[in-house]
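Below you'll find the structure, written out as structure tokens, and then a few comments.
As the structure is a prediction and not an experimental result, all values here were calculated from the model. Positions are given from 1 along the sequence.
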Amino acid sequence: MFLSLFSLDVFDMELSFWGTILGLFMHNIPVFILLIVLLISWKHEIVGGIIFTLAGIFYGVMMLREMLRDSSEGGMVSAILVIAVPALIIGILFIINWLKKRKA
């Protein structure tokens, strides 16, 4: 739900009805993908652990690369803290849970 809030900027673009619907869909594709991964992860924790950890690392690296390329992008650090770090934490928690279930 939190990530889908970022798609609300579509309403500032003054698009037509169908343009707004398409914009909302396009902005929410990552949300849909992560939701599908979350649903799979409830049954298979290792899948969630790997994918969420990789997603956090990938997003963090991409934002750091963008920040190094364009030094005027000061908001990238907050984007990393708000999006990449929680994804890493979720991935690590899924892996810990998988390891604990495996031992039992």
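Side-chain heavy atoms closer than 4.5 Å link hydrophobic residues (I, L, V, M, F, W, Y) into clusters, and following such links, possibly through other members, connects Ile83 to Leu8. Cluster membership check: Val37 shares its hydrophobic cluster with Val31, using side-chain heavy-atom separations under 4.5 Å among Ile, Leu, Val, Met, Phe, Trp and Tyr. Two different hydrophobic clusters hold Val61 and Leu81 under the rule that ILVMFWY side chains link at heavy-atom gaps under 4.5 Å. The same ILVMFWY cluster, assembled from side-chain heavy atoms under 4.5 Å apart, contains both Phe52 and Ile80. Note: the hydrophobic cluster containing Leu5 also contains Met63 (ILVMFWY, side chain heavy atoms under 4.5 Å, direct or indirect links).
Taken from OG1 in Thr20 to CZ in Phe25, the straight-line distance is 15.0 Å, to the nearest 0.5 Å. In this structure, the separation between CH2 on Trp98 and OG on Ser41 is 13.0 Å, given to the nearest 0.5 Å. If you take CG on Leu24 and OG on Ser7, they are separated by 5.0 Å, rounding to the nearest 0.5 Å. With values rounded to the nearest 0.5 angstrom, Ser4 atom OG is found 10.0 Å from Leu35 atom CG. Put simply, CD1 on Ile51 and CD1 on Ile33 are 10.0 Å apart, with the number rounded to the nearest 0.5 Å. For the atom pair CG of Leu22 and CG of Leu15, the computed distance is 9.0 Å after rounding to the nearest 0.5 Å.
Taking both residues in full, the closest heavy atoms of Ala84 and Gly56 are given as CB-O, 3.4 Å, listed atom of the first, atom of the second, then distance.
Under a 3.5 Å cut-off, the side chain of Ser16 and the backbone N or O of Gly19 do form a donor-acceptor pair. The main-chain N or O of Gly23 is found under 3.5 Å from a side-chain atom of His27 such that the two form a donor-acceptor pair. For the pair Thr53 (side chain) and Ile50 (backbone), a donor-acceptor distance under 3.5 Å is absent.
Between Leu93 and the options Ile89, Ile90, Asn97, Ile95, a side-chain contact (heavy atoms from CB on, under 4.5 Å) holds for only Ile89.
Counting heavy-atom neighbours within 6.0 Å of Phe32 CZ, excluding the residue itself, gives a total above 12.
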Q.
Assess the residue pair Tyr59 and Leu54 against the criterion (side chain to side chain contact (heavy atoms under 4.5 Å, CB included)); give the C-alpha distance rounded to whole Å, side-chain angles, the decisive distance to 0.1 Å, and a yes or no.
A. CA-CA 8 Å; Tyr59 187 80; Leu54 289 176; over 6 Å; no

